[in-house]
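Quantities reported herein were computed from a predicted structural model and do not represent experimental measurements. Residue numbers run from 1 in the order of the sequence given.
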Amino acid sequence: MSVEIRPISRTDVAAVVAMVHELAEYERAADECHLTEAQLEAALFGPQPALFGHVALIGDEPVGMALWFLNFSTWRGVHGVYLEDLYVRPQARGAGVGRALLATLAAVCAERGYERLDWWVLHWNPAREFYHSIEAVAMDEWVPYRLTGPALRDLAAQAPAASAAGLESSVRGDAE
């Protein structure tokens with residue numbers, strides 16, 4: 001089986017959304033996944049895309065995907081890639097699809113001078129064995145934190161008005 005990896009196109013959006021939902025189900029969190037085709041299309045192809053992605057195909061069939069965005073290391077002084085989602089459909093597992101997707105992202109990093117490719121994985125996910133085989137290092141000393149829902153809104157309400165306005169313009173790219 002020959003695997004083709006290419007950037008996601010608009011015609012891939014429905015398949016990628018389906019795979020995101022399949023991944024959420026695999027991760028035992030299907031009820032938390034609300035991604036729509038319109039949302040993904042806007043994120044990938046809107047006026048200022050901040051999300052990027054690749055799709056894996058065997059023949060014409062989408063069998064895997066990677067969604068990623070840029071991060072920045074203040075210690076290294078360069079960007080890196082944060083892999084948000086990597087998913088290979090069950091029928092294509094073991095065919096090198098995951099390796100091809102990760103190799104493609106590693107090539108993006110190498111070509112652009114990025115020094116890191118980061119991602120999270122659940123402790124129980126058997127893919128961890130594969131990640132160790134490619135010499136990926138678990139970052140067990142770092143503890144992820146997240147604000148969401150009411151806690152996020154409560155904290156946002158505490159932002160000084162001038163700070164919040166400045167943040168909005170800097171995100172849009174029109175700050176001085």
Side-chain angles (χ1 to χ4, degrees), residues 1-73 78-122 125 127 130-131 134 136 144 146-149 152 156 167-175:
M1 279 189 285
S2 177
V3 177
E4 176 191 355
I5 306 294
R6 63 168 169 71
I8 293 172
S9 70
R10 278 179 158 63
T11 60
D12 299 318
V13 168
V16 172
V17 168
M19 285 189 272
V20 169
H21 284 271
E22 291 168 27
L23 174 61
E25 185 173 331
Y26 175 79
E27 291 182 346
R28 306 173 188 154
D31 58 325
E32 296 177 38
C33 185
H34 306 287
L35 181 67
T36 67
E37 291 178 28
Q39 289 172 319
L40 185 61
E41 185 160 339
L44 289 167
F45 304 108
Q48 294 181 329
L51 180 69
F52 309 93
H54 288 82
V55 65
L57 301 127
I58 295 179
D60 292 333
E61 179 71 25
V63 296
M65 60 83 187
L67 292 170
W68 56 277
F69 53 87
L70 296 181
N71 59 17
F72 186 81
S73 170
V78 296
H79 284 289
V81 165
Y82 182 82
L83 175 59
E84 179 66 21
D85 286 333
L86 175 71
Y87 181 71
V88 177
R89 287 185 158 150
Q91 70 270 21
R93 293 181 188 153
V97 175
R99 179 180 292 273
L101 284 162
L102 284 172
T104 298
L105 294 183
V108 168
C109 291
E111 290 167 9
R112 298 181 184 180
Y114 302 161
E115 294 190 20
R116 290 182 178 168
L117 173 56
D118 296 315
W119 66 93
W120 291 2
V121 61
L122 292 166
N125 191 329
F130 164 65
Y131 299 145
I134 61 169
R146 176 176 292 155
L147 272 174
T148 187
L152 177 66
L167 177 62
E168 183 180 321
S169 64
S170 69
V171 169
R172 284 194 319 260
D174 55 42

Answer whether the closest heavy-atom distance between the side chains of [X] and [Y] falls below 4.5 Å.
{"X": "Val20", "Y": "Leu40", "answer": "no"}
{"X": "Val16", "Y": "Asp85", "answer": "no"}
{"X": "Leu70", "Y": "Phe72", "answer": "no"}
{"X": "Leu101", "Y": "Val3", "answer": "no"}
{"X": "Val55", "Y": "Arg6", "answer": "yes"}
{"X": "Tyr131", "Y": "Leu102", "answer": "yes"}

What's the separation between atom [atom1] in [X] and atom [atom2] in [Y], rounded to the nearest 0.5 Å?
{"X": "Glu27", "Y": "Glu22", "atom1": "CD", "atom2": "CD", "answer": "12.5 Å"}
{"X": "Asn71", "Y": "Tyr82", "atom1": "CG", "atom2": "OH", "answer": "9.0 Å"}
{"X": "Leu86", "Y": "Met65", "atom1": "CG", "atom2": "CE", "answer": "7.5 Å"}
{"X": "Thr104", "Y": "Ile5", "atom1": "OG1", "atom2": "CD1", "answer": "5.0 Å"}
{"X": "Phe45", "Y": "Leu51", "atom1": "CZ", "atom2": "CG", "answer": "9.5 Å"}
{"X": "Asp31", "Y": "Glu25", "atom1": "CG", "atom2": "CD", "answer": "11.0 Å"}

Please say whether more than 12 non-hydrogen atoms of neighbouring residues, nucleotides or ligands are located less than 6.0 Å from CZ in Arg10.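 Above 12, so yes.
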Check whether more than 12 heavy atoms from other residues, nucleotides or ligands sit under 6.0 Å from atom CD of Gln39, and answer yes or no.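 Yes, CD of Gln39 has more than 12 neighbouring heavy atoms, counting only those of other groups under 6.0 Å.
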Is the side chain of [X] donor-acceptor paired with the backbone N or O of [Y] at a distance under 3.5 Å, no angle test?
{"X": "Arg116", "Y": "Val78", "answer": "no"}
{"X": "Arg93", "Y": "Val88", "answer": "yes"}
{"X": "His54", "Y": "Trp68", "answer": "no"}

To check you understand the geometry: which heavy-atom pair defines the closest contact between [X] and [Y], and what is its length?
{"X": "Ile8", "Y": "Ala66", "answer": "CD1-O, 4.3 Å"}
{"X": "Val97", "Y": "Ala92", "answer": "CG2-O, 3.9 Å"}
{"X": "Ala18", "Y": "Arg89", "answer": "CB-NH2, 3.8 Å"}
{"X": "Phe69", "Y": "Ala50", "answer": "CB-O, 3.1 Å"}
{"X": "Leu117", "Y": "Cys109", "answer": "CB-SG, 4.2 Å"}

Show your working on side-chain contact (heavy atoms from CB on, under 4.5 Å) between Tyr26 and Asn125 and close with a plain yes or no. CA-CA 9 Å; Tyr26 175 79; Asn125 191 329; 3.5 Å; yes
